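Structure record follows, encoded as structure tokens.
Because the structure is a prediction, the values reported are computed rather than measured. Just so it is clear: chains get the letters A, B, ... in the order the sequence lines come, proteins before strands, and each one is counted from 1.
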Amino acid sequence: MAAQKPSIPKGTRDFGPIEMVRRNYIFNTVQKVFKKYGYLPLETPAMENLSTLLGKYGEEGDKLLFRVLNSGNFLSKVPDEKSLQNAPSLVNLITEKGLKYDLTVPFARYVVQHRNDITFPFKRYQIQPVWRADRPQKGRYREFFQCDVDVIGSKSLLSEVELIQITDEVFSILGINVKIKINNRKVLAGVAEMMGQADQMMKITIAIDKIDKIGIEKVNEELISSGIPPDAVDKLQPVLTFSGLRNEKLVLLRGLLSDSEIGMQGVCELEMVFDYLSGFDLKSEVEIDLSLARGLNYYTGAILEVEALDVNIGSICGGGRYDDLTGIFGLKDVSGVGISFGADRIYDVMLQSDLFPLDLAQTTRLMFVNFGKEEERFCLDVLAKVRNAGISAEIYPDHVKMKKQMSYANNKNVEFVAMVGENEMAEGKISLKNMESGEQEKLSVKELIAKLSVE
RNA sequence: GUGGAUGUAGCUCAGUUGGUUAGAGUACUGGAUUGUGGUUCCAGGGGUCGCCGGUUCAAAUCCGGUCUUCCACCCCA
């Protein structure tokens, strides 16, 4: 039988030791910050029922769900031959589970399902993989990790402010230069209302979003050709040329949206968030960006997105407020807000900008060369003492050529190599070699531990 | 889902208008060096040329299909 070529599914990746060490550095960093702000961990299953997932991410999102084929005789629910010809409806008959698409919707499901055990406001973080049947490309994978922080059960804008602080703190620890972009769905709704096109909010937002790419004129053309009346498009122009300092923007918006109740509400929210933020010393720039739309259609208030300034990879973090996500599952009037850090893109950014600390690569600090059975016994005893002193150490498991043992230590970035042969055993000492400088000295066990403990 | 590129040794890549037994660097193994790695020198193993089919006396090379990876759009982390 011919050996099959080993492979993994499209858009998925293996993470080797170096990658894992680096990924864990990211996970540990965000986790530490999340904890510091009072968030608690949560995990939900890889699979959810499709009824939980469908309809929450818009039409596009539904298409990108990975569906899990029913077990057993999955065709038993298919009524007749004819149904087999219609793929879209067939798929609903033979699948009832799907891989989770994000962490927020399963979180909302969890909150509703366990509402009696939860004290609100509920602050949780969640670091897990999610799956999307997207076509992979740069910074886009079919399996990727999100690090979510959400607070649910409070309408306070303090939560938005806290999330911005968290974001700022995480990226400043990681050393990534970012711009935090903020917008508000209510402002966008107000803009649509001001144009007299309240029901076309999404269409208008998407068009505004393209302004950097295709320019103001094309945006206008696109709007008119999609059925927005020209006079309404005229009213949009001040929004399209929107620029200036934060306060100027807010004044401008105030004037523009004065007739829209919901719009004014959005502006007030933005102002309050900035008012709170003015008391903090943030490292990152926080900017109002009206072109920020965000596709997930459950957002209702503030929306946030973080862009890396030094690497072009799309957003590395995003989120917002959702007023009624739990309502779909039967728990009304519970507002939540959260953000999601895209671990994989953060990894890519840090790799490109060379931001990972160098000492991450190090594992074993001390390796004992194996000289044979008797020496092994002697070393094992020392090894235990060294390990108990909190120093990560190992012994080469086989008595093979020294050259091989030394290259093993070299490739593994081991800091020191201990050599114990007949002479050393007789003296009760250990020859310690510094792999970087090449220096060598004879030490007692006590001196050895002392030397390695200082550094 | 739409459009464009790509695939040769574990990895990075050469390979002429189709023409002997498909190469290099690196990694690996052994030796120079039986108690010293990262430098050097020598030798060695390792390839269904992504897969299937077609054209041809002859295909890594030309044609068709298919898959993979990458890039852009869409969308997003």
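Remark: P of B:U69 and NZ of A:Lys10 are 6 Å apart, rounded to the nearest angstrom. As a whole-Å value, the separation of A:Arg13 CZ from B:U68 P is 17 Å. The distance from atom NZ of A:Lys63 to atom P of B:U2 is 11 Å, rounded to the nearest whole Å. Summarising the geometry, the separation between CG on A:Leu304 and C1' on B:C76 is reported as 16 Å, rounded to the nearest angstrom. Protein atom OH of A:Tyr141 is 12 Å distant from nucleotide atom P of B:U69, rounded to whole Å. When rounded to the nearest whole Å, the span between CZ of A:Phe66 and P of B:C76 equals 17 Å. Atom-to-atom, CD of A:Glu307 to P of B:C76 comes out at 16 Å; the value is rounded to the nearest Å. Between A:Asp134 atom CG and B:U2 atom C1' the separation is 13 Å, expressed in whole Å.
At least one side-chain nitrogen or oxygen of A:Lys401 sits closer than 4.0 Å to the OP1 or OP2 atom of B:G31.
Taking both residues in full, the closest heavy atoms of A:Ala409 and A:Val417 are given as CB-CG2, 3.8 Å, listed atom of the first, atom of the second, then distance. In plain terms, the two heavy atoms of A:Met419 and A:Gln440 that are nearest each other are CE-NE2, 3.7 Å.
With P as the reference atom, B:C42 and B:U56 are 48 Å apart, rounded to whole Å. B:U66 and B:U40 have their P atoms separated by 48 Å, with the value rounded to a whole Å. Separating the C1' atom of B:A22 from that of B:U36 is a span of 40 Å, rounded to the nearest Å. Taking atom P on both B:C73 and B:G54, the two are 40 Å apart, rounded to the nearest angstrom. As rounded to the nearest Å, B:A43 and B:G4 have P atoms that lie 49 Å from one another.
Ring pair A:Phe368/A:Phe378: centre-to-centre distance not below 6.0 Å.
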One pair to check against salt bridge (Lys or Arg N to Asp or Glu O under 4.0 Å): A:Glu48 and A:Lys97. What are the steps and the verdict?
CA-CA 6 Å; A:Glu48 291 279 344; A:Lys97 299 177 287 294; over 6 Å; no
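No engagement by A:Gly319 is indicated, since no non-hydrogen atom pair under 4.0 Å with the nucleic acid exists. Residue contacts shown for A:Phe145 are absent, as no nucleic acid heavy atom lies under 4.0 Å away. Within 4.0 Å (heavy atoms only), A:Gln137 reaches at least one base atom of the nucleic acid.
Checked by atom type, the side-chain pair A:Arg321/A:Ser335 shows a donor-acceptor distance below 3.5 Å. Counted by atom type alone, A:Asp102 and A:Tyr57 present one or more donor-acceptor pairs between their side chains at under 3.5 Å. A:Asn370 and A:Glu376 share a side-chain donor-acceptor pair at under 3.5 Å.
Residue A:Phe144 and nucleotide B:A77 are classified as a stacked aromatic pair, their ring centres being separated by less than 5.5 Å at an interplanar angle below 30°.
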Contact string for nucleotides 33-41 of chain B, one letter per nucleotide 5' to 3', B = base within protein heavy-atom range under 4.0 Å, S = sugar-phosphate only, - = neither, reads --BBBB---
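Interatomic distance, A:Asp310 CG to A:Asn177 CG, rounded to the nearest 0.5 Å: 4.5 Å.
Both A:Asn312 and A:Gly342 lie near RNA chain B, and the one whose nearest nucleotide falls closer to the 5' end is A:Asn312.
The base of B:C70 is not paired with the side chain of A:Arg140 by any donor and acceptor separated by under 3.5 Å. Put simply, the side chain of A:Arg135 and the base of B:U69 share no donor and acceptor less than 3.5 Å apart.
In this structure, A:Asn410 contributes its side chain and A:Asn413 its backbone to no donor-acceptor pair below 3.5 Å.
Seen from the ring of A:Phe107, A:Arg124 counts as a face-on cation partner, given the 6.0 Å and 45° thresholds.
Annotated stems with RNA chain B as a participant read B:1-5 with B:69-73, B:10-13 with B:23-26, B:28-32 with B:40-44, B:50-54 with B:62-66, given as range with range, by first number; only runs of 3 or more Watson-Crick or G-U pairs under 3.5 Å qualify.
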